[in-house]
Amino acid sequence: MTVRTRFAPSPTGYLHLGGLRTALYTYLFARKMGGVFILRIEDTDQEREVPGAIDRIYASIREAGLTYDEGPNVGGDYGPYIQTQRRHLYAPKAWELVERGGAYPCFCTKEWLEDARKACEARGETFKYDKHCLGISKEEAKRRIDAGEPYVIRQNVPLTGKASFDDVLFGHIEVDCSTLDDSVLMKADGLPTYNFANVVDDHLMGITHVLRGSEYLSSSPKYNLLYESFGWEKPVYVHLPVVMRDASHKLSKRFGDPSFEDLLQRGFLREAIVNFIALLGWSPGDDREFFTLPELEEVFDLKGLNKSPSIFDMDKLTWMNSEYVRRMPFEDYLAMATPWFEAAGVAHLDTRRLAELMQGRTEVLDRIPPMVDFLATMPDFDVALYTHKKMKTDPQVAAQALALAKSVLVTISDWREEVIHESLMAAIAASGMKNGQVLWPLRIAISGRESTPGGAIEIAYLLGKEETLRRLERSIAVLP
RNA sequence: GCCUCCGUGGUCUAGUGGCCUAGGACACCGCCCUCUCAAGGCGGCAACACGGGUUCGAAUCCCGUCGGAGGUGCCA
C-alpha cells in the first residue's frame with residue numbers, strides 16, 4: 001500500500017515554524033516511505049482567512065524545498081485540494097451520517113448556546129450540549145429546513161462508553177464519551193468545520209498517515225467515532241508536540257517570534273533552518289547534526305520523534321547557520337553577501353577580499369552591515385581604545401606606533417597586502433617594538449573599532465592607500 | 001473546574017532494567033593560538049521534577065504528588 005500523507009494548513013497568516021516542522025516531518029515520512037505528499041488548504045473558516053496567506057504558504061513550502069505531489073496548483077487525482085472548492089462534497093456526507101445515526105440537524109442559535117455556555121461557566125461546570133435537537137423528528141426537521149430556518153449538523157456522540165484512538169507516538173488514548181460534546185460538523189453557512197472536513201477529506205483523498213499538531217490529540221477520539229459511523233478505514237495517527245518559545249508559551253507572532261519568512265529575510269539560510277527544525281523534536285538516534293534535505297529523506301524515522309514540546313533556541317539556530325555559511329562555496333557566499341555589502345555602503349571596495357575575510361565570521365547575513373560599515377565611514381572613537389594591556393599599548397605608545405606606521409605606509413606605491421605586511425613588519429622589527437604595539441594602535445586608528453573582521457593590514461588594504469593615510473593622519477592629529 | 005498528554009543540564013537531545021561515576025551539541029566560563037574579532041585546540045560548570053514502591057539492580061517498570069502543555073468554539 002502506498003503511503004499518502006498530507007499537510008493541511010489554514011490560510012490565516014504566514015507559515016510559522018511549528019507549521020513548517022509539521023510540514024517537514026509529513027514530507028519526510030512520505031519520501032522515506034516512497035509515498036505521496038499532498039498539500040491541502042483548509043479554508044473553511046471564511047472569517048479568519050487572510051488575503052494573500054495562501055500564496056505565502058506556497059512560497060514558504062517551496063522555499064523550504066518541500067515538493068508536493070498533489071495539491072492546488074499541482075493537481076492530482078483527488079482534487080480539488082482547497083476545501084472551499086470542495087464544498088459540495090460535505091453536505092451529502094453529513095446527511096449520510098445523519099441517516100446512520102452518527103449526526104443530527106440542530107436549530108439552536110449561536111446566541112442561545114452562548115448564554116447556556118456562560119451560565120454553565122458561572123456554575124463552574126463544563127458546558128455540554130444537551131442533544132436538545134436530537135429529539136426533533138425527521139419530518140419536522142425537513143419542514144424547518146425547507147422553510148429556510150438556519151441549522152447546523154452535529155455529531156451524535158454516544159452518552160456512554162469509551163472513545164479511543166491509537167497514536168504512533170502517544171500510544172492508546174481513551175476517553176469516556178460522557179466527557180465529549182456533540183461538536184458541530186456542518187456550519188450554518190453550509191461549510192464544514194475542521195472536525196468534519198478533515199475526516200471526509202482524509203478519507204476521500206486516501207490519506208494513510210495523518211501527521212498533525214498535538215492540539216488535535218484530545219479531539220481525535222471523536223474523529224474515530226466518525227470513521228466508525230461511516231465504516232471507513234482509519235488512518236495511522238502521529239501527533240506532533242508543540243514548538244514553544246519558552247517553557248510555557250508556544251511560538252507566537254504576538255511575542256515577536258519569527259516566522260520562516262522572517263528568518264529568511266534576516267539572512268538565515270533555508271538549509272540551515274530546515275536542518276535545525278528537523279532536529280527540534282526529532283533525533284536520528286546518534287550524534288549526527290548536519291543533514292541536507294535528501295539525507296533527511298533517507299534517515300527520517302518516526303521512532304526518533306520526541307513526545308515532549310521543544311523550545312525554539314535561537315542561539316543554536318544561529319550557530320548552525322554560521323556553520324552553513326562557513327561551509328558554503330565562496331562564490332555563493334559572495335553572491336549572498338553582496339546586497340548586504342551594498343546596504344553597508346562598502347560595495348565599492350574589493351568585495352571579494354572583504355567576503356573572504358567575512359565568510360568565516362558571518363553568523364547571519366543581517367549582521368554583516370554593522371561589522372563592515374566602519375569601512376565606509378570612520379566612526380568616532382575614544383582614545384582609551386589605544387590602551388590594551390596584553391598588546392602593551394596606550395596612547396603614548398600609539399603616538400610612536402602611528403608615526404612609524406605612517407612613515408612606512410606613505411612610501412608604499414604597490415598597495416597590496418603582502419607589500420603592506422612586509423614593509424610594516426620590517427619597520428617594526430627595526431624599531432624594536434612588539435608587533436602588537438604597532439598593529440593594534442594602527443588598526444584602531446584606521447577603523448575606530450575595538451574589533452574588526454581582519455587585522456590592521458587587511459583593513460588598510462581594503463581602505464586603500466589614500467583613505468588609510470587620511471584616517472591615520474586624522475587619528476594622529478587628535479591624539480592627546 | 002473537567003478531560004487528555006508531557007516531564008534527562010539554561011536549551012536541543014542520546015538513553016527502552018545492568019554497557020550510566022548518564023553520552024553528544026548549543027550557550028556560558030577558563031586556557032592556548034593570535035596584530036583585534038572570529039575560527040580552531042584543550043579544559044570546566046551543569047540534568048534523570050519530587051516521593052513511594054517492584055527488582056539482586058531503575059533515568060528506564062508501577063502508583064502518587066508537583067510542574068507544564070493541549071482541549072473544553074457554527075477556530076483550525
Side-chain angles (χ1 to χ4, degrees), chain A residues 8-10 12 42-45 47-48 106 108-110 113-114 117 121 123-128 150-154 167 170-171 173-176 178-181 183-189 191-195 197-198 212-221 239 241-242 244 246-250 276 279-289 304 306-320 322 326 357-358 360-363 371 385 388 390-391 393 424 428 434-444 447 449-459:
Chain A
S10 292
T12 53
E42 309 223 324
D43 59 346
T44 56
D45 186 350
E47 285 176 24
R48 287 214 314 159
C106 170
C108 295
T109 64
K110 257 184 190 173
L113 287 162
E114 212 165 292
R117 223 183 296 274
E121 214 170 283
R123 275 177 278 133
E125 291 168 17
T126 304
F127 174 76
K128 211 184 145 193
Y151 70 101
V152 301
I153 293 179
R154 281 183 187 276
D167 186 275
F170 294 96
I173 290 173
E174 194 172 83
V175 291
D176 279 324
S178 62
T179 64
L180 265 21
D181 196 16
S183 40
V184 171
L185 265 21
M186 291 295 295
K187 300 183 279 185
D189 67 2
L191 282 167
T193 60
Y194 173 85
N195 304 116
N198 97 85
R212 57 159 64 130
S214 63
E215 62 267 31
Y216 300 110
L217 210 49
S218 49
S219 38
S220 290
H239 286 88
V242 207
M244 312 284 287
D246 59 46
S248 52
H249 304 274
K250 62 176 177 182
F276 175 75
L279 262 18
L280 203 60
W282 176 80
S283 161
D286 55 29
D287 292 336
R288 198 171 155 204
E289 295 200 283
N306 202 304
K307 283 199 267 196
S308 45
S310 30
I311 297 172
F312 178 80
D313 182 4
M314 190 56 99
D315 283 343
K316 185 144 187 179
L317 201 217
T318 300
W319 164 77
M320 183 159 273
S322 66
R326 216 166 276 137
L357 257 12
M358 286 296 292
R361 294 173 234 251
T362 306
E363 292 186 301
M371 289 174 76
L385 280 186
H388 191 287
K390 252 185 101 181
M391 294 300 120
T393 68
L424 239 23
I428 291 168
K434 299 265 190 198
N435 287 350
Q437 287 180 301
V438 178
L439 267 9
W440 170 278
L442 174 58
R443 197 179 55 79
I444 298 296
S447 73
R449 288 279 172 80
E450 188 172 11
S451 66
T452 53
I457 292 155
E458 287 89 349
I459 302 302

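Below, chain A is the first sequence line, B the second, and so on; all start at residue 1.
Side-chain contact between A/H249 and A/M244 is absent, with no heavy-atom pair separated by less than 4.5 Å. Two residues are said to be in side-chain contact when any heavy atoms from C-beta on lie closer than 4.5 Å; A/T193 and A/K187 meet this criterion. Annotation: side chain of A/P284 is in contact with side chain of A/L279 (closest heavy-atom distance under 4.5 Å).
At a cut-off of 3.5 Å, with distance as the only test, a side-chain donor of A/R443 or A/T452 sits close to an acceptor on the other residue. Looking only at atom types and distance, the side chain of A/S451 has no donor-acceptor partner in the side chain of A/R361 under 3.5 Å away.
For A/D315, whose side chain is taken as the heavy atoms from C-beta onward, the closest listed nucleotide among B/C35, B/C26, B/A14 is B/C26. Taking the side chain of A/A456 as heavy atoms from C-beta on, and the options B/C75, B/C35, B/C37, the nearest nucleotide is B/C35. Here the nucleotide nearest the side chain of A/R443, chosen from B/C3, B/U36, B/G70, is B/U36. Taking the side chain of A/K316 as heavy atoms from C-beta on, and the options B/A76, B/A25, B/C74, the nearest nucleotide is B/A25. Of the candidate nucleotides B/C35, B/A25, B/C74, B/C35 has the atom nearest to the side chain of A/M391. Checked against B/U36, B/C75, B/C35, the side chain of A/T452 finds its nearest nucleotide in B/U36. When distances run from any side-chain atom of A/R326 to the nucleotides B/A38, B/G70, B/A76, the shortest one goes to B/A38. Nearest to the side-chain atoms of A/L217 among the listed nucleotides B/G23, B/C5, B/C74 stands B/C5. Residue A/R117 has its side chain nearest to B/G73 when only B/A76, B/G73, B/A25 are considered. Residue A/R361 places its side chain closer to B/A38 than to any other of B/A38, B/A27, B/G24.
Among the protein residues, A/R449 comes within range of no part of the nucleic acid, since none of its heavy atoms lies under 4.0 Å from any strand. Using a 4.0 Å heavy-atom cutoff across all strands shown, A/M371 reaches no nucleic acid atom at all. Residue-level contact check: A/V175 touches the backbone only, with heavy atoms under 4.0 Å from sugar-phosphate atoms and none from bases. Backbone-only engagement by A/N306 is indicated by non-hydrogen atom pairs under 4.0 Å involving sugar-phosphate atoms exclusively. The residue A/T44 sits close only to the backbone: its heavy atoms come under 4.0 Å of sugar-phosphate atoms, none of a base. Within 4.0 Å (heavy atoms only), A/G454 reaches at least one base atom of the nucleic acid. Heavy atoms of A/L180 sit nowhere under 4.0 angstrom from any nucleic acid atom. No engagement by A/F312 is indicated, since no non-hydrogen atom pair under 4.0 Å with the nucleic acid exists. A/T193 comes within 4.0 angstrom of the backbone, heavy atoms only, and of no base. As judged by a 4.0 angstrom heavy-atom cut-off over every strand, A/A247 is placed among residues touching the sugar-phosphate backbone only. Counting any heavy atom pair closer than 4.0 Å across all strands shown, A/K307 reaches sugar-phosphate atoms only and no base atom.
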Legend entry - Step-by-step side-chain contact (heavy atoms from CB on, under 4.5 Å) determination, A/H239 to A/Y216: CA-CA 8 Å; A/H239 286 88; A/Y216 300 110; 3.8 Å; yes
Legend entry - From CA spacing to verdict: side-chain contact (heavy atoms from CB on, under 4.5 Å), A/I459, A/L442: CA-CA 10 Å; A/I459 302 302; A/L442 174 58; over 6 Å; no
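Rounded to whole angstrom, the span from the CD atom of A/E121 across to the C1' atom of B/C2 amounts to 13 Å. For the pair A/I173 CD1 and B/C3 P, the computed distance is 15 Å after rounding to whole Å. We find that CG of A/D246 is positioned 10 Å from P of B/U11, with the value rounded to whole Å. Between the NZ atom of A/K434 and the C1' atom of B/U34 there is a distance of 14 Å, rounded to whole Å. Between the CE atom of A/M244 and the P atom of B/G10 there is a distance of 17 Å, rounded to whole Å. One atom, CD1 of A/I311, and another, P of B/A27, lie 17 Å apart when rounded to the nearest Å. Whole-Å rounding puts the A/R154 CZ to B/C74 C1' distance at 8 Å. In this structure, the CH2 atom of A/W319 is 6 Å from the C1' atom of B/A25, given to the nearest Å.
Across all strands shown, B/C6 is found opposite B/G67 as a Watson-Crick or G-U wobble partner, with both distances under 3.5 Å. Across all strands shown, B/C19 forms no Watson-Crick or G-U wobble pair with both key distances under 3.5 Å.
Taking the C1' atoms as reference points, B/A22 lies 13 Å from B/A58, given to the whole Å. When the P atom is compared between B/G23 and B/G43, the two are found 14 Å apart, to the nearest whole Å. Comparing B/G53 with B/U60, their P atoms sit 15 Å apart, to the nearest whole Å. B/A49 and B/A14 have their P atoms separated by 14 Å, given to the nearest Å. The gap from the P atom of B/U36 to that of B/C31 amounts to 15 Å, rounded to the nearest Å. Between the C1' atoms of B/U16 and B/C62, the separation comes to 16 Å (whole Å). The gap from the P atom of B/G9 to that of B/C50 amounts to 10 Å, rounded to the nearest Å. Taking the C1' atom of each, B/U11 and B/A47 are spaced 12 Å apart, rounded to whole Å.
Both A/T179 and A/D287 sit near RNA chain B, but only A/T179 has its closest nucleotide nearer the 5' end. Position along RNA chain B of the nearest nucleotide to A/S308 versus A/C106 favours A/S308 as the more 5'-ward residue.
Proximity of A/K187 to the phosphate of B/A76: a side-chain N or O atom is located under 4.0 Å from OP1 or OP2. For B/U13, the OP1/OP2 oxygens have no side-chain nitrogen or oxygen of A/R288 closer than 4.0 Å. Of the side-chain N and O atoms in A/S310, one or more sit less than 4.0 angstrom from OP1 or OP2 of B/U13. OP1 or OP2 of B/C35 has not a single side-chain nitrogen or oxygen of A/W440 nearer than 4.0 Å.
At a cut-off of 3.5 angstrom, the base of B/U34 holds at least one donor-acceptor pair with the side chain of A/K390. For a distance-only test at 3.5 Å, the side chain of A/K250 fails to qualify as a donor-acceptor partner of the base of B/A69.
Atom OG of residue A/S220 and atom CG of residue A/N198 lie 8.0 Å apart, to the nearest 0.5 angstrom.
Salt bridge present: A/K316 and A/E289 bring a charged side-chain N and a carboxylate O closer than 4.0 Å.
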